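Below is one structure, written out as structure tokens, with a few remarks after it.
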Amino acid sequence: MEIIMENSTQNETLAYIKAKKRVKGLKIYWAMVLGFFLVGGLLIYRDYNGNIFDLGKSYQVWMVSTWAIFLAGLGIYMYVPYFRNWEERKINQIMKKNQENGNKHR
């Protein structure tokens, strides 16, 4: 009985640590989005010459566009479960492969 309680306590602790890490990641992501809108908006406004489609002459527009693509990719990684859980799937796959190789050599 004591072993079962100890395992459930460990599982709860691991779940808490995982949840805390996830919340920290989301907090950092949304701070980056806020920074993107503040700094990116300021850069675009400062360099705005009346024609938003004249992208070839302004490095700020390209910098903000690249930043937006990065944030979109990070958002997909943070919110789409398939991409968010790939690390765990890969770890399980490698562990399973190592177990199978270990059993063959015995």
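If you read the sequence from its start, that first residue is 1, and numbering goes on from there. Bear in mind that the values here come from a model prediction, so they are computed numbers and not experimental data. Reckoned from all heavy atoms, side chains included, excluding hydrogens, waters and symmetry mates.
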- Task: Please name all residues satisfying side chain to side chain contact (heavy atoms under 4.5 Å, CB included) with N92, sequence neighbours left out, ordered by chain then number.
- Result: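 If we apply the side chain to side chain contact (heavy atoms under 4.5 Å, CB included) test to N92, skipping adjacent residues, the hits are E88.
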
- Smallest separation among heavy atoms of G40 and W67, with atom names: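 What the structure gives for the nearest pair is N-CZ3, 4.0 Å.
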
- Distance-minimising heavy-atom pair for L71 and V33: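 Looks like CD1-CA, 4.1 Å.
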
- CZ of F37 to CG of L42: how many Å apart, nearest 0.5 Å?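 F37 atom CZ to L42 atom CG measures 14.5 Å (nearest 0.5 Å).
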
- Message: Nearest 0.5 Å, please: how far is CG in L74 from CD1 in I28?
- Response: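 Going from the CD1 atom of I28 to the CG atom of L74 covers 9.5 Å.
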
- Query: Under a single-linkage definition using a 4.5 Å side-chain heavy-atom cutoff for Ile, Leu, Val, Met, Phe, Trp and Tyr, are I76 and Y82 assigned to the same hydrophobic cluster?
  - Reply: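 Yes, I76 connects to Y82 through the hydrophobic network.
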
- Do M32 and V80 share a hydrophobic cluster, counting only Ile, Leu, Val, Met, Phe, Trp and Tyr and linking them when any side-chain heavy atoms are less than 4.5 Å apart?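 In one cluster with M32: V80, yes.
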
- Query: With K90, which residues qualify under side chain to side chain donor-acceptor pair (under 3.5 Å), at least two apart?
  - Reply: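 Listed in chain order: Q93.
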
- Sorted by first residue and then second, give each side-chain hydrogen bond (donor to acceptor under 3.5 Å, both in side chains) pair with at least one member in residues 25-42; sequence neighbours left out.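 Non-adjacent pairs meeting side-chain hydrogen bond (donor to acceptor under 3.5 Å, both in side chains): W30-Y79.
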
- Task: Side-chain contact test, heavy atoms from C-beta onward, threshold under 4.5 Å: evaluate it for F83 versus M78 and give yes or no.
- Result: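 No. Closest side-chain heavy atoms not under 4.5 Å.
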
